[in-house]
Amino acid sequence: MHSAVLTVKPLRCLAPIFPSAPDPSAPPSAQYASIPPNGPFPPGATPFFPFFAANGPQRPGQPRPFTIPSPVPLNSYKTPGSAAGNGNIGTSRGASRGRTIVDEDGNSVSDGYDEAGNEFNDKTPVTRRKVRSRSGIPVSDTDVAIDSLAEDMLRAFSVAEIDTSRQANSDKELVDRVLIVFNLLRRKITQIEEKTAVPGVARRPDLRAGTLCMSKSVRANTRKRIGPVPGVEIGDIFFFRMELCLAGVHAPSMAGIDYMGVKVAGEDDSMAVSIVSSGGYEDEGDDGEVLIYSGQGGVQRKDKQFSDQQLVRGNLALEKSLHKANEVRVIRGLKDFASPTGKVYVYDGLYKIHESWVEKGKSGCNIFKYKFVRVAGQAEAFTLWKSIQQWKDGVTSRPGIILPDLTSGAESLPVCLVNDVDDEKGPSYFSYTPSLKYTKAFPSTKPSVVNCNCCTGGCQSNSDCPCVQRNGGQIPYTSLGVLQSHNTLIHECASMCICPVNCRNRISQAGLKMRLEVFKTKDKGWGLRSWDPIRSGSFICEYAGVLISENGIDSEDNYIFDATRTFEPLEAQPSEEPVKFPFPLIISAKNEGNVARFMNHSCSPNVYWQPIIRENQDESYFHVGFFAIKHIPPMQELTFDYGMLLAGKAGPRKKKCLCGSLKCKGVFY
DNA sequence: GCTTGATCACAAAT
DNA sequence: CATTTGTGATCAAG
């Protein structure tokens, strides 16, 4: 396939290039004390955050060790007013020229990079965003902040490196990257808009982030095509229509039918390329292999009156595709049980239209119906969802199940143990503990902070709550438990806070939110995966276990989490800061641990970790929280990067890495 | 308390 | 540049 050629060249320069390569033989420096500017850290790394000074504004005082043009930290905007001017970085900040966020003409913008490909050029039309109609929100600090944010993120992403052919025919790396940018932008916009929320006015950060990505050419597979989309696999999940649009799976941002105009013998003709089945049109009876899809139209905009559907546009294209018998991509929109109103879109592969007919709808008007039948021999997707639902409901039991709940009730949800590969009966013995244990040998740190006694109903952003203030005035999570942006350190509420356990600022303390299973992998021993779909940024679990010192590392211990290792900046993360722990934390989960001990290493992981601190007046505890890097479909193994052990440091024995990634380093510890 | 419906602000392709 | 396509957040009502 043509994309295979493109895949060969790993494009990625997500972090600024090092002026001179870091010297791996440099003597290992003391952790968390002082890091030489050219120390053994990945490009863009900043020194460890001095956790004892955690209360004040963090960013401004920090040294910036590299002089290369670097992206502004994501969370560097502090107040909307100063946002536009937070750049001592670079001289051509868009905001200062008043560049608009939304352009009228996407094409002119998509060419808005210079040949060298490192900066946006100035051809972009300059107009302030139109006054937000009727909402009563003036063109505000919010807009300025978002504007500036977008610039920063897009620059950090080196979007300009992507040439047009790669844009037209993409690959997994680009698709992933585009979606990650979209989601980071979207979450960040949500956070910014939270500050100016007007009751009763629905905000659409998804649309706003989508428009930004579209206009800045942060998108993949722009060439419309029949059949598979490179970089998008069957079973991949999406949480917004905009994501389908940006990935090139389904172009219309709203309409359910995407089609192509084609010329046949000089005649205009059309054919359908993809549909989104959202259940919005009365019925869709299906058994997983067949889908009955209703045509579009027949509903009046304003008065919601029904009328007969017409055989035009999408409906016509479907009719033509029935006769052409071409493959049509099907995306199934399902209810997302993790979110009260949300939806998940599952890419269910290729179908063909076998029949069409007209039915009378409830209103008595004609509705077109199309029978879609799944092309045989494709990987399981929607049917897997159905099976999982049955396992959950107890209708059928999970094949290969060894134990229904290996936590023995220690978690809020059961975690089953499964082996459908061989006859090993389970991992070696350990005792299950849901959280990290501190002992006298590793006392808490002494932050002397003020606990909240204000938030009996749970803490709120933009309040004077001291716990929220420690996070820069905003709760670091969304209401769904999704991390809003990459943080240096998450300050959670702790035992002395008055807020309840379900406080939004206690996400890592609320227990598992998704059904996980520990399963036997083909060649990597036991692993961890989820029955539920996972939104990018979601909290998954913490790393439980027992704190140990560096001297206490047993080379036979394969269940070590070591925050003192170095970690590469995340794939496709625009943050200049790789995850760093402000504390020399090493955990062993050999004898005691939770589900996290089963997470295998990968050089292109789908999970990453963030330090979390739970602070009380006179004690505070660090924890390690695991979050999804991208959306993770059900049953896809959860993996994180174990990090690089510095030369001369004690650690477990080196092992051959089997992650199979293009960027595989070959070994891990 | 939890689901359902009404309302509203919006984007892309054509 | 207007039309065609629902979506997704929010809040009130059931």
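Throughout, protein chains are lettered first and strands after them, A, B, ... in sequence-line order, and every chain is numbered starting at 1.
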Would you mind telling me which of A:Cys493, A:Cys467, A:Cys465 makes a side-chain contact (heavy atoms from CB on, under 4.5 Å) with A:Cys499? A:Cys493
Given atom [atom1] of [X] and atom [atom2] of [N], what is their separation to the nearest angstrom?
| X | N | atom1 | atom2 | result |
| --- | --- | --- | --- | --- |
| A:Leu246 | B:dA11 | CG | C1' | 11 Å |
| A:Arg187 | C:dA9 | CZ | P | 14 Å |
| A:Arg241 | B:dC10 | CZ | C1' | 14 Å |
| A:Asp336 | B:dT3 | CG | P | 13 Å |
| A:Arg208 | B:dC8 | CZ | P | 21 Å |
| A:Leu244 | B:dA13 | CG | C1' | 16 Å |
| A:Glu193 | C:dT10 | CD | C1' | 13 Å |
| A:Arg332 | C:dT7 | CZ | C1' | 20 Å |

[X] side chain to [Y] backbone, donor-acceptor under 3.5 Å:
| X | Y | result |
| --- | --- | --- |
| A:Asp258 | A:Ala272 | no |
| A:Arg535 | A:Lys630 | no |
| A:His631 | A:Ser536 | yes |

Between A:Met260 and A:Leu207, whichever has its closest DNA chain B nucleotide further toward 5' is A:Leu207
Could you check which of [options] has an atom nearest any side-chain atom of [X]?
| X | options | result |
| --- | --- | --- |
| A:Phe240 | C:dA9, C:dT7, B:dA13 | C:dA9 |
| A:Ala255 | B:dA12, C:dT5, C:dA9 | C:dT5 |
| A:Met214 | B:dA12, C:dG8, B:dA11 | B:dA12 |
| A:Lys343 | C:dT5, C:dA9, C:dT7 | C:dT7 |
| A:Thr341 | C:dT10, C:dT5, B:dA13 | C:dT10 |
| A:Met242 | C:dG8, B:dA12, C:dT5 | B:dA12 |
| A:Asp206 | C:dG8, B:dA13, C:dT5 | C:dG8 |

Heavy atoms under 4.0 Å, any strand shown: does A:Arg204 hit a base, just sugar-phosphate, or nothing? base
Once you apply a heavy-atom cut-off of 4.0 Å, does A:Arg219 come out as touching a base, just sugar-phosphate, or nothing? sugar-phosphate
Please indicate whether A:Asp393 has more than 12 foreign heavy atoms, meaning atoms of other residues, nucleotides or ligands, lying under 6.0 Å from its CG. yes
Closest-nucleotide ordering on DNA chain C, the 5'-leading residue of A:Gly256 and A:Phe239: A:Gly256
Return the 5'-most residue of the pair A:Val312, A:Gly342 with respect to DNA chain C, ranking by each residue's nearest nucleotide. A:Val312
Does OP1 or OP2 of B:dT14 have a side-chain N or O of A:Lys224 closer than 4.0 Å? yes
A:Tyr259 side chain N/O closer than 4.0 Å to the phosphate oxygens (OP1, OP2) of C:dT5? no
A:Gln389 side chain reached by A:Trp391 side chain, heavy atoms, under 4.5 Å: no
